[in-house]
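What follows is a short report on a single structure.
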Amino acid sequence: MPTSRTVSAFGTADARPLDLVIFGGAGDLSARKLLPSLYMCHRDGNLPEGTRIIGVGRHRWDREAFVNFADESAQPFVDARYIEPAKWQGFLQRLDFVHLDAAQAADYPALAAQLRSDALRIYYMAMPPGLFAATCDNLASHGLIADDTRLVLEKPLGVDLASAIGIGEVVSRYFSEDRTYRIDHYLGKETVQNLMALRFGNSIFEPLWRTPFVRSVQITVAETVGVGTRGGFYDEAGAMRDMVQNHLLQLVSILAMEPPASLNSDAVRDEKLKVLRSLRPMSPEDVRRNTVRGQYTAGAIAGELVRGYLQEDGIPPDSRTETFVAMRAELGTWRWNKVPFYLRTGKRMQERVTEVVIHFAEVPHSIFDPGSTLQPNRMVIRLQPEESVRLTLMVKQPGEGMKLKPLSLALNLDSAFTTRRAEAYERLLLDVIRGRLALFVRRDELQAAWTWVDPILEAWRAQDEGPRPYTAGTWGPAASSAFMAREGVQWSEEA
Ligand code: BG6
């Protein structure tokens, strides 16, 4: 019988050894994120004694081939400053590999032979969701799911509400919700967690964090990368499914939620869920008016010529998939009534930046020189590439009269803290190991997000027009700025 564990809001370390099984262990995510993050956990002594990491996949690999993969494909993704040869060798000792076709029941005894009965088991599904059901069935029929086995699911968790429900049903047959860890890696970012610190660790913002003191909220997640080698996947997804449905809506929910009673995982997720459920549904007419889709064409990023989306590998020449979205979302609550949340994300944009801008109300009456244009206060919270908070205030210009100008109070968190910050995946993997669920998406949150997204995707499908072209290396289609101008606002880089 598994030993019992108490899981507090902050989790507890399990004394047992760990068998961490990565389905899709030879894949891209494993190389770029999972193995490098697990190495960092190992290096810092954060893996339980006796931890083994078992890659699983269709490659006919043995342990040695997986070790070579870790050396050649994963190590380059570890910050070179942290590679210590002895520690890296120690990490490699933990690795093993099992050849397994997830859909083939006959392949599972080989996995069973690797697993220890006294170890805590974690299955990490870094593979297409189409394989989740067969994998869970096969694990169960081979007796490989214990009462406390944990499951980690990677996105995409569905392509719409119906498929997300389908995945949820299959998974819940074998894993209770408190053993299911749905990854949204944005929740693992220190900077995203800092939004909670900013909101709930300071009392000055809370009374103003609502209508009518907040006039609008802007969230931008701009990337300079294109679709790279993921063309086939991306063309089925597009920016809405790839970024808005998960990362941007999670940011909205953290920015807009009511203060939770504690950091307990369900206390936080209950509040986030309420936000997601309060997103105002959009009619096809709202979608036409309040959304802009774009698709990049050839251009230049940092002086380098880059291809257009339709010329990328694996993209059909007539694809209508959006690589850019700008939209207005609204929350139907007392706190946020009629406060627009402008969301924007795109690939191949001018800069890589993730930023939240809170626009506060203008002063009701100006007593200053007519020449002083009073700018409403703005708080700019930058999450990437650097972390900073800027609050613009109006101050008096020296000299005669009372002329005012805006200046910023600025906080640079990167220079304030020199300690190493864990990468999102490192933090999340540690949380899975320690049984902390707060930074994982609950099933009802996921479904609430899809419930809001589905009609938007449906309305786009029904429109004659496809996404508007924008040149790679710009801030998206001209229609995005025009949309904001109609709203009487500007995107932050234009302000
Ligand atoms: C992933 C998307 O979830 O997030 C990618 O699938 C995107 O398309 C990535 O590039 C962005 O993450 P980050 O951490 O670089 O902002």
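Just so you know, ligand 1 is whichever comes first in the structure, and atom 1 is the first atom listed for that ligand.
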Could you tell me whether R269 and D444 have a side-chain N and a carboxylate O separated by less than 4.0 Å?
->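 Looking at D444 together with R269, the answer is no, because their closest N to O distance does not fall below 4.0 Å.
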Short list, please: which atoms of ligand 1 are under 4.0 Å from a heavy atom of Q384?
->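 So the answer, numbered in order with elements, is 14 (O), 16 (O).
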What do you reckon, does T354 have a nitrogen or oxygen under 3.5 Å from a nitrogen or oxygen of ligand 1?
->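 No.
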Can you find an N/O atom of Y234 closer than 3.5 Å to an N/O atom of ligand 1?
->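 No, Y234 has no N/O under 3.5 Å of an N/O on ligand 1.
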Side chain of H42, backbone of K87: donor and acceptor closer than 3.5 Å?
->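 Yes; judged by distance alone, with no hydrogens or angles, the pair exists.
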Candidate with minimal heavy-atom separation from atom 13 (P) of ligand 1, of E154, H247, K189, E223 |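 Nearest heavy atom to atom 13 (P) of ligand 1 lies in K189.
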Please determine which of W475, Y234, Y309, F324 meets the ring-ring contact (aromatic ring centres under 6.0 Å, His included) test together with Y296.
->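 Only match with Y296 under ring-ring contact (aromatic ring centres under 6.0 Å, His included): Y309.
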How close does the nearest protein non-hydrogen atom get to atom 16 (O) of ligand 1, and which residue and atom is it?
->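 Answer for atom 16 (O) of ligand 1: Y186 OH, 2.4 Å.
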Which residue owns the protein heavy atom closest to atom 8 (O) of ligand 1, what's the atom, and how far is it?
->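 Scanning the protein heavy atoms, the shortest distance from atom 8 (O) of ligand 1 goes to D242 OD2, 2.6 Å.
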Does CZ belonging to F200 count more than 12 external heavy atoms closer than 6.0 Å?
->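 Yes, CZ of F200 has more than 12 neighbouring heavy atoms, counting only those of other groups under 6.0 Å.
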Quick one: look at K33 and ligand 1, take heavy-atom pairs under 4.0 Å, and tell me if it's side chain, backbone, both or neither.
->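 Contact part for K33 vs ligand 1: neither.
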About how many Å separate CE of M196 and CD1 of I254, when rounded to the nearest 0.5 Å?
->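 Spacing of CD1 (I254) from CE (M196) equals 6.5 Å.
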